[in-house]
Engineer: 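Let me begin by handing over the structure; questions about it come next.
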Amino acid sequence: MSYPFKEIEEKWQKLWQEKSLFSAKSSPEKKKYYLLEMFPYPSGKIHMGHVRNYTIGDVAARFKIMQGYNVLHPMGFDAFGQPAENAAIKNKSKPDAWTHKCIEWMEKELKKMGFSYDWEREVSTCDAGYYKWNQWIFLKMFEQGLAYKKASNVNWCPSCLTTLANEEVIDAGCWRCHSKVEQKELEQWYLKITEYKERLLEDLKLLDAWPDRVKAMQNNWIGKSEGVEIFFRLKESGEKIPVFTTRQDTIFGATYIVLAPEHPAVSGIIKGKAQEKEVLKFIAKVSKETKAIRASSEVKKEGVFTGSFAVNPVNNETIPIWVADYVLMEYGTGAIMAVPTHDQRDFLFAKEHKLPMRVVIQSSDQPRLPLDKQGGQGLTTNDQLTEAYEGDGTQVNSAQFDGLPNQEAKKKIAEWMEKAGIGKIQTHWRLRDWLISRQRYWGTPIPIIYCPKCGVVPVPYGDLPVELPEDAPFTGEGGSPLGKVKKFVEVSCPKCEAAARRETDTMATFFDSSWYFLRFCSPKDSSAPFDTKEARYWMPVDQYIGGIEHAILHLLYSRFFTKFFKDLGMVDFGEPFSRLLTQGMVLKDGEVMSKSRGNIVDPDSIISKYGADTLRLFVLFAAPPETELEWDDAAIEGSFKFLNRVWRIQENLREKADPALIRSLHKAIKKVTEDIGEFKFNTAIAGLMELTNAVYQYGADKEVFVRLVVMLSPLAPHFCEELWQRMGNSESILKTPWPEYDPKWLIEDTVTIVIQVNGKLRSKLDVTPNIATDALKELVLADEKLKPWIQNKPLKSFIIVPKKLVNIVV
RNA sequence: GCGGAAGUGGUGGAAUGGCAGACACGCAGGUCUCAGAAGCCUGUGUCGCGAGACAUGAGGGUUCAACUCCCUCCUUCCGCACCA
């Protein structure tokens, strides 16, 4: 017979709620712990990913409560977004009603898992009480010049019918629907995240408790590269052509320069040249290719000579100007100096088009690079090299810099060029400003009014929130639905009262989630986005838990917002999340669970078969939190069996425990406490299983059983509350302090010493822990089992690791 | 190409310089039962009857001792990328 999990779970979920056991209050004299899991999009159903994410968080929260911390563990919903709107189009329902229904279901599902949330702090981003503050924050950014509108080429998803941020484009496709992203010229709102690029990069170093992977990804994304802009000049007109390089140490090896086909100087330099027609044809061909195609043709680098020449400012050498598709207008200056000997792409291009090469960095390894002179210019012939040498070495063919190590020359050349006015030390960044306009209904309206006389006018703070009208038409045919609601669009200008129009785009939903962790500190505040005093107490988040898919998007934006609030003086810290745990995905048969693959395991079905406690236990036991978890329908039986095994102990409690069991207990307390503290739940559970096995071996008394149940309670809370109550306790088990081990029980009367001969295990001895070295040596050498291994070979050394091991080397 | 993570039994995984495979799943045997299920007990890396030998992606190195540290390489996953 299995234990009655269904009754037990329902009973305790009800009791916890009645007692508001998890409602948090700030109290400065108590140590706080803010534990947060990434809030979900309210799809209506929770999936295994949610179960895993929130179970990890819940165990940590309950553990910290029992350790005496004042714990804040809130939950809310990232409720704006396209699925609600798509559902509205499909079912002719309203996004608002649909979303609230979903939230209701979702809450129920979360409650069925027994999570310890402070539901009084629940927040939904689609409530006007929340998104009012999105608008407030937007206006503050607008005042600081951090929110601005500009026309440019933007990413456009033809299926979602809206623009996308760079961070939302994955493999040239839309992050949500994977449609191929198109480029479109549009006037859109941007947030100047680039203003914070230095700090966003620099402060990554402060995040010791973040996974390296996430930091590396952000580092990559921000993409700082330091180099020099070198001013080449056109031979004929003397016009400046700046090129950007990070390898200024190779400047003396530049044998041609290459312009992007879109480079503005191209049309001027080909005019009247014999090559004009050919170049124009080439440009036309390239312009037809999309970014993706251009990037994918990795092997062949196509290009044409322009008929013009440029002058290298470091040696006044005249070199040809080419146009090629491998140079991109979007990066650097859209022009490069080509050094075929020390850049592989330039090398391939030069070889293809028979362009000259010159070695300027000599490798210190053998064989040496060929430095054969050709026409007295230090040129290497085309067939002497098989690839570019991109490593470090010594400068050669580099005038006054000859003989210097190239890394040193890099600094000196940069300084020299700046002094001589032929270059400028410069840093390029990959990070672009964040496009937040979306041509969608179900989001926060951007609080801006366009007046024919006053121009762009921010909505006055007193008029916030700009509420979403309820009766927007959803056709799915494109164009912002808000634009079709007359009474929304037509307003009078707040400044001059002339007839004006409202902005009809809404904000990207990542705006909403960039500061929700602050809102949880004072979720009902009606005078500010958050109460600075409350935020000072609770923030930063001590432990944040969520999926790796947000490594750049949400986590970068949240860091940006936090720094913005710091600049406004609203918070006194620059990073929102002290520790970050990115949990691994849940797989089935080696693949991510997804509807399209049809390999979804519904948490509900598991709960009704085994109960939430078994489900919790299994997702924690099957793998460490950071790694992928392979779902196994059979293995979950093991977790269920374990709970039943613990359940049966209560029927057979003894009067007095065996000392061997007491020893196991104290060992287990030490292990489980350390492991839960380090989020090593799988081994913590193994420790509890071992203790349970020991109980079966020796028989348990009440004292041992009590501690077992207390330690199990963060992991299987309903189950343990029930046992706790049956043991005669009236208070929740959460009010019980976490057990402590007594070190005296960890001291063994005898220890087993492993005896090795030449590093191989040959025997074992039981001795007292503090045995004298000589006595131990004597004992070991008397061991009959070792005789065949030692024979009468001379003893080279005798290594003793106290209480553990002896190694005899012969 | 650059950056990150990982590679251990049939499976999930444990061990961060000191007994490789904890704890589970699975499998096999036993016990209980009229029988089955559940429970309980035992066994279970490979080869070998055995003593023992071999085994942590491959190969080297450091060390009395290496899954663990160092070097070279291979494979898989993830991020970025004609980034100058």
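As a basis for the values below, the full set of heavy atoms in this structure was taken, side chains included, without hydrogen atoms, waters or symmetry mates. Proteins come first, then strands; the chains are lettered A, B, ... in the order of their sequence lines, and each starts at number 1.
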Engineer: Please work out whether B:G48 sits syn or anti, treating a glycosidic angle within 90° of 0 as syn.
Structural biologist: anti
Engineer: Quick check on A:R579: does its CZ atom have over 12 non-hydrogen neighbours (other residues, nucleotides or ligands) under 6.0 Å away?
Structural biologist: no
Engineer: Among the nucleotides B:C41, B:A84, B:C80, which one has an atom lying closest to any side-chain atom of A:R430?
Structural biologist: B:C80
Engineer: Is there a Watson-Crick or G-U wobble partner for B:C54 with both distances under 3.5 Å, and if so, which one is it?
Structural biologist: B:G45
Engineer: Taking the side chain of A:F244 as its heavy atoms from C-beta onward, which of B:C41, B:A84, B:C19 lies nearest to it?
Structural biologist: B:A84
Engineer: Encode nucleotides 6-18 of chain B as B, S and - characters from 5' to 3', where the letter depends on protein heavy atoms closer than 4.0 Å: B to the base, S only to sugar-phosphate, - to neither.
Structural biologist: ------BSSS--B
Engineer: Could you tell me whether A:F679 and A:F681 have their ring centroids closer than 6.0 angstrom?
Structural biologist: yes
Engineer: Between A:R345 and B:C83, is there a side-chain N or O to OP1/OP2 distance below 4.0 Å?
Structural biologist: yes
Engineer: Would you call A:E168 and A:R176 a salt bridge, using N to O less than 4.0 angstrom?
Structural biologist: no
Engineer: Using purine N1 to pyrimidine N3 plus N6-O4 or O6-N4 for Watson-Crick, or N1-O2 and O6-N3 for G-U wobble, each under 3.5 Å, what pairs with B:U62?
Structural biologist: none
Engineer: Which base, if any, makes a Watson-Crick or G-U wobble pair with B:A84, both distances under 3.5 Å?
Structural biologist: none
Engineer: Whom does B:A35 pair with, Watson-Crick or G-U wobble, provided both distances fall under 3.5 Å?
Structural biologist: none
Engineer: Under a 3.5 Å cut-off for both contacts, is B:U75 paired Watson-Crick or G-U wobble with anything, and if yes, with which nucleotide?
Structural biologist: B:A6
Engineer: May I ask you to say whether A:K588 pairs ionically with A:D633, meaning some side-chain N is under 4.0 Å from a carboxylate O?
Structural biologist: yes
Engineer: Which base, if any, makes a Watson-Crick or G-U wobble pair with B:C40, both distances under 3.5 Å?
Structural biologist: B:G30
Engineer: I need the minimum non-hydrogen distance between A:F232 and A:A254, along with the two atoms involved.
Structural biologist: CZ-CB, 4.5 Å
Engineer: Using heavy-atom distances to pick each residue's nearest nucleotide on RNA chain B, tell me which of A:L761 and A:N758 is more 5'.
Structural biologist: A:L761
Engineer: Under 4.0 Å: is that the gap between some side-chain N or O of A:K760 and OP1 or OP2 of B:C54?
Structural biologist: yes
Engineer: Can you tell me the Watson-Crick or wobble partner of B:G12, both distances under 3.5 angstrom?
Structural biologist: B:C23
Engineer: Looking at side-chain heavy atoms only, is the closest gap between A:L617 and A:F719 below 4.5 Å?
Structural biologist: no
Engineer: Under 4.0 Å, counting only non-hydrogen atoms across every strand here, what does A:A216 touch: a base, just sugar-phosphate, or nothing?
Structural biologist: sugar-phosphate
Engineer: The side chain of A:R648 is closest to which nucleotide in this list: B:G3, B:A84, B:G39?
Structural biologist: B:G39
Engineer: Name the closest nucleotide to the A:D212 side chain, picking from B:G4, B:G79, B:C83.
Structural biologist: B:G4
Engineer: For A:W434 together with A:F510, are the ring centres under 6.0 Å from each other?
Structural biologist: no
Engineer: How are the rings of A:H353 and A:W322 set relative to one another: parallel (under 30°), tilted (30 to 60°) or perpendicular (over 60°)?
Structural biologist: tilted
Engineer: Got a donor-acceptor pair under 3.5 Å from the side chain of A:K764 to the base of B:C19?
Structural biologist: yes
Engineer: With a 4.0 Å cut-off on heavy atoms, is A:N693 in touch with a base, just the backbone sugar-phosphate, or nothing at all?
Structural biologist: sugar-phosphate
Engineer: Of A:M217 and A:G638, whose closest RNA chain B nucleotide lies nearer the 5' terminus?
Structural biologist: A:G638
Engineer: Which listed nucleotide (B:A84, B:C25, B:A53) is nearest to the side chain of A:K641?
Structural biologist: B:C25
